[in-house]
Amino acid sequence: MLEEPRSLNFIEEIIADDIENGKIDSLITRFPPEPNGYLHIGHAKSICLNFGLAERFNGKCNLRFDDTNPAKEETEYVESITNDVKWLGFEWASLNYASDYFDQFFKWAIELIESGKAYVDDQSADDIRQNRGTLTSPGTDSPYRHRSIEENLDLFKRMANGEFEEGEKVLRAKIDMSSNNLNMRDPVIYRILKREHHRTGNKWCVYPMYDFAHGYEDSIEGVTHSICTLEFQDHRPVYDWFISNVSTVHTPHQYEFARLNLTYTVMSKRKLLELVSSNIVSGWDDPRMPTISGFRRRGYTPSSIRRFCKEIGVAKSDSLVEVELLHHCLREELNRTSQRAMAVIDPLKVVLDNWPDDFVDEIEAENNPEDANAGSRKIKIGKEIYIERTDFMEEPVKGFFRLSPGKEVRLKHAYIIKYANIIKDENGEIKELHCTVDMDSRGGNAPDGRKIKGTLHWVWTVDAVKSTINLYDNLFLLRNMNDMEDGKDYKDYLNEKSKVVVGNAYIEPILSKAGPFDRFQFLRHGYFCADPNTTMEAPVFNLTVSLKDSWKKEQNK
RNA sequence: UGGGGUGUCGCCAAGCGGUUAAGGCACAGGACUUUGACUCCUGCAUGCGAAGGUUCGAAUCCUUCCACCCCAGCCA
């Protein structure tokens with residue numbers, strides 16, 4: 001498909017300028033996740049941005065694990081992250097780890113100490129916080145700020161040797177305790193952490209902080225444009241300070257864009273982790289999670305997510321994107337590519353009174369009206385079928401043009417049927433419906449040319465396969481998760497009906513042959529994908545996204 | 001009250017002193033329809049946070065004001 005020309009976003013403009021003005025020879029970007037959780041759709045925005053930039057400007061994009069805090073990071077996360085980036089369809093120029101640079105970082109820390117720009121502070125974390133000052137008042141110097149270079153060198157080396165306990169000492173950059181920017185008030189650059197690192201094991205017991213490490217990571221990799229989210233804007237002066245105060249060879253620059261927020265969705269790793277560990281969801285890949293792996297299990301395609309990221313754009317204003325746009329991007333693709341099939345989720349038996357008792361008809365059904373190459377399949381019909389319970393109304397409301405007393409409807413691909421009567425059980429519940437068939441309407445066309453407005457999906461009771469269908473909806477009921485009432489927790493807004501399991505759906509026989517993740521459009525319902533654990537005997541399908549439904553909307557008015 | 005950002009339709013987002021202020025989503029009408037889907041038409045900011053000013057001309061420049069977001073981790 002042809003890409004429509006699109007105006008450049010502000011980062012692309014900067015890069016185009018930098019190339020034109022000869023500031024850079026070629027572009028290098030990076031996607032730098034901390035391996036402390038699974039990637040979510042917000043990361044997808046950053047991934048599409050960074051890798052997309054590299055593609056567009058013929059540059060390179062690295063995948064780099066920012067693993068400077070062993071207390072939070074795990075190998076499970078690095079595996080899921082590499083997997084998700086690949087699944088989204090991107091290839092990194094090189095796969096890097098901040099921990100690969102620990103030796104170099106240590107040397108630069110020594111260099112800062114030697115030039116009098118870093119010192120070991122014995123203050124407690126509390127004291128450091130106290131002395132940092134406030135937003136409106138300056139901080140006060142640490143009593144250890146003026147230690148000699150020799151003493152600092154000695155102390156820092158002993159910190160690295162494990163001679164002190166966690167919290168006893170830190171290494172700080174000597175910048176400006178009265179800066180208006182709190183990040184410049186002598187930031188901590190190394191802390192003691194007696195933890196095993198998922199890659200360096202027990203080699204280190206001092207670990208660098210983000211502000212110190214990140215620019216150096218970029219510098220080492222020759223990153224030209226280091227792109228991060230808005231909340232790091234105040235860190236840019238720190239980023240620049242560290243790079244310019246040490247003998248690096250390359251100077252990268254940081255640019256910030258607005259992170260993605262989605263309606264009805266929580267996006268913070270902390271909250272997602274909490275949903276997982278408190279078993280509110282089945283795991284990071286629960287189909288209701290906004291994680292890449294959750295979307296994958298839900299049946300989303302990588303291209304629909306990429307498309308979404310393109311549609312939302314890249315800018316600097318805080319935004320809250322409606323999930324409907326994501327749904328649109330998905331449907332747009334699935335409509336073109338999904339094989340259609342029929343599934344009855346809430347079955348109501350219909351007996352065709354005048355259908356010859358043992359007669360079974362076999363009908364041709366197109367697989368996808370949007371795709372001439374998709375071919376067709378044969379479906380069978382006999383005397384008894386199931387239709388959707390909601391497709392019949394004994395007392396139809398205004399505008400209802402499905403089945404009701406006196407009315408005719410068409411069975412998709414098959415025959416026109418007309419209401420005869422209903423049979424209720426002792427509770428007054430409709431047990432089954434009786435209809436008559438127009439045997440001359442095979443294929444669905446009336447021989448006399450009369451118009452039939454309603455068309456229903458159906459399955460034959462004899463060959464239909466009983467199936468489990470998981471219907472999913474938004475995990476949360478609050479449109480803007482930043483609009484929580486005082487004293488409430490995001491968990492107070494969980495949607496009780498975010499997962500509804502339907503155990504007695506009936507599906508067309510062909511669907512029972514579906515393998516894990518095979519996608520279909522269930523006619524008049526939505527797009528579904530086969531569950532990873534589906535079997536021929538016990539098929540399971542997950543709702544990916546429903547079809548638009550203007551009738552439902554009409555009724556809710 | 002300090003610093004850093006942002007304000008263009010319900011939601012994103014183009015716009016870069018001269019355009020009738022793009023486009024997408026959503027929404028509302030209508031056409032088509034063997035999916036109340038899809039598709040196709042049509043409508044949807046005399047207005048760009050507000051007020052002043054500069055200019056022949058301002059969403060774009062200036063001034064003041066207002067609103068919202070971020071920052072006081074030995075997290076990233």
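Numbers restart at 1 for each chain; the letters A, B, ... are given by sequence-line order, proteins then strands. Just so you know, these numbers use all the heavy atoms, side chains as well, and skip hydrogens, waters and symmetry mates.
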Handout entry: Separation between the P atoms of B:rA14 and B:rU20, rounded to whole Å
Key = 22 Å
Practice task
Have a look at A:Y190 and say if it touches a base, only the backbone sugar-phosphate, or nothing, with a 4.0 Å heavy-atom cut-off.
Solution key: nothing
Exercise for the section: Would you check if there is a donor-acceptor pair between the side chains of A:Y210 and A:E34 at a distance under 3.5 Å? Expected result: no
Problem - Residue pair A:H525 / A:L543, side-chain heavy-atom distance below 4.5 Å - result: no
Exercise for the section: Could you state the atom-to-atom distance from CZ of A:R172 to P of B:rG73 in whole Å? Expected result: 12 Å
Problem - Separation of the C1' atoms in B:rA13 and B:rG73, to the nearest angstrom - result: 35 Å
Handout entry: Residue-phosphate contact under 4.0 Å: A:R132 side-chain N/O, B:rC74 OP1/OP2
Key = yes
Handout entry: Check: A:H197 ring centre within less than 6.0 Å of A:F102 ring centre
Key = yes
Handout entry: Short side-chain N/O contact to B:rC12 OP1/OP2 from A:K310, under 4.0 Å
Key = no
Problem - For atom NZ of A:K451 and atom P of B:rC32, their distance in whole Å - result: 10 Å
Problem - Flag side-chain contact, heavy atom, 4.5 Å: A:N480 against A:Y264 - result: no
Name the pairs: protein N/O against N/O of nucleotides 37-43 of chain B, kept only if under 3.5 Å.
from	atom 1	to	atom 2	distance (Å)
B:rA37	OP1	A:S550	OG	3.0
B:rC38	O2'	A:N335	ND2	3.0
B:rC38	O2'	A:E370	OE2	3.4

Exercise for the section: Take atom CZ of A:R307 and atom C1' of B:rG23, then tell me their distance rounded to the nearest Å. Expected result: 12 Å
Exercise for the section: Select base, sugar-phosphate, or nothing to describe what A:K553 touches, counting heavy atoms under 4.0 Å on all strands. Expected result: sugar-phosphate
Handout entry: A:Y527 side chain to A:E333 side chain, donor-acceptor N/O pair below 3.5 angstrom
Key = no
Handout entry: Positive for side chain to side chain donor-acceptor pair (under 3.5 Å) with A:R402, one of A:T390, A:D391, A:T455
Key = A:D391
Exercise for the section: For residues A:H198 and A:E74, determine if any side-chain heavy atom of one lies less than 4.5 Å from a side-chain heavy atom of the other. Expected result: no
Practice task
Let me know the distance between CE of A:M184 and C1' of B:rA72, rounded to the nearest Å.
Solution key: 16 Å
Handout entry: Any side-chain heavy-atom pair of A:H413 and A:I379 under 4.5 Å
Key = yes
Completion exercise
The glycosidic conformation of B:rG30, counting syn as within 90° of 0 and anti otherwise, is anti
Practice task
Figure out the CG/P separation between A:D211 and B:rA72, and round it to whole Å.
Solution key: 11 Å
Fill in the blank from the handout: Sequence neighbours excluded, the answer for side chain to side chain contact (heavy atoms under 4.5 Å, CB included) partners of A:P143 is A:Q123
Exercise for the section: Report the distance from atom NE2 of A:H525 to atom C1' of B:rG36, rounded to the nearest whole Å. Expected result: 13 Å
Exercise for the section: Answer with yes or no whether A:E324 presents, from its side chain, a donor or acceptor under 3.5 Å of a partner atom in the base of B:rC12. Expected result: no
Exercise for the section: Provide, to the nearest angstrom, the distance between the CD atom belonging to A:E34 and the P atom belonging to B:rG73. Expected result: 18 Å
Problem - P atoms of B:rA58 and B:rU1, separation to the nearest Å - result: 34 Å
Practice task
Would you check, one step at a time, whether the test side-chain contact (heavy atoms from CB on, under 4.5 Å) holds for A:I227 with A:L53?
Solution key: CA-CA 11 Å; A:I227 299 163; A:L53 252 16; 3.4 Å; yes
Please tabulate, one pair per line, each protein N/O and nucleotide N/O from nucleotides 3-6 of chain B that are separated by under 3.5 Å, including the distance.
from	atom 1	to	atom 2	distance (Å)
B:rG3	N2	A:D234	OD2	2.7
B:rG4	O2'	A:D234	OD1	3.3
B:rG5	O2'	A:Q233	OE1	3.3
B:rG5	O2'	A:Q233	NE2	3.4

Handout entry: side-chain N/O A:T68 vs B:rA76 OP1/OP2, d < 4.0 Å
Key = yes
Practice task
Considering just the side-chain nitrogens and oxygens of A:H328, establish if one lies under 4.0 Å of OP1 or OP2 belonging to B:rC25.
Solution key: yes
Problem - Between B:rA13 (P) and A:L325 (CG): distance, integer Å - result: 11 Å
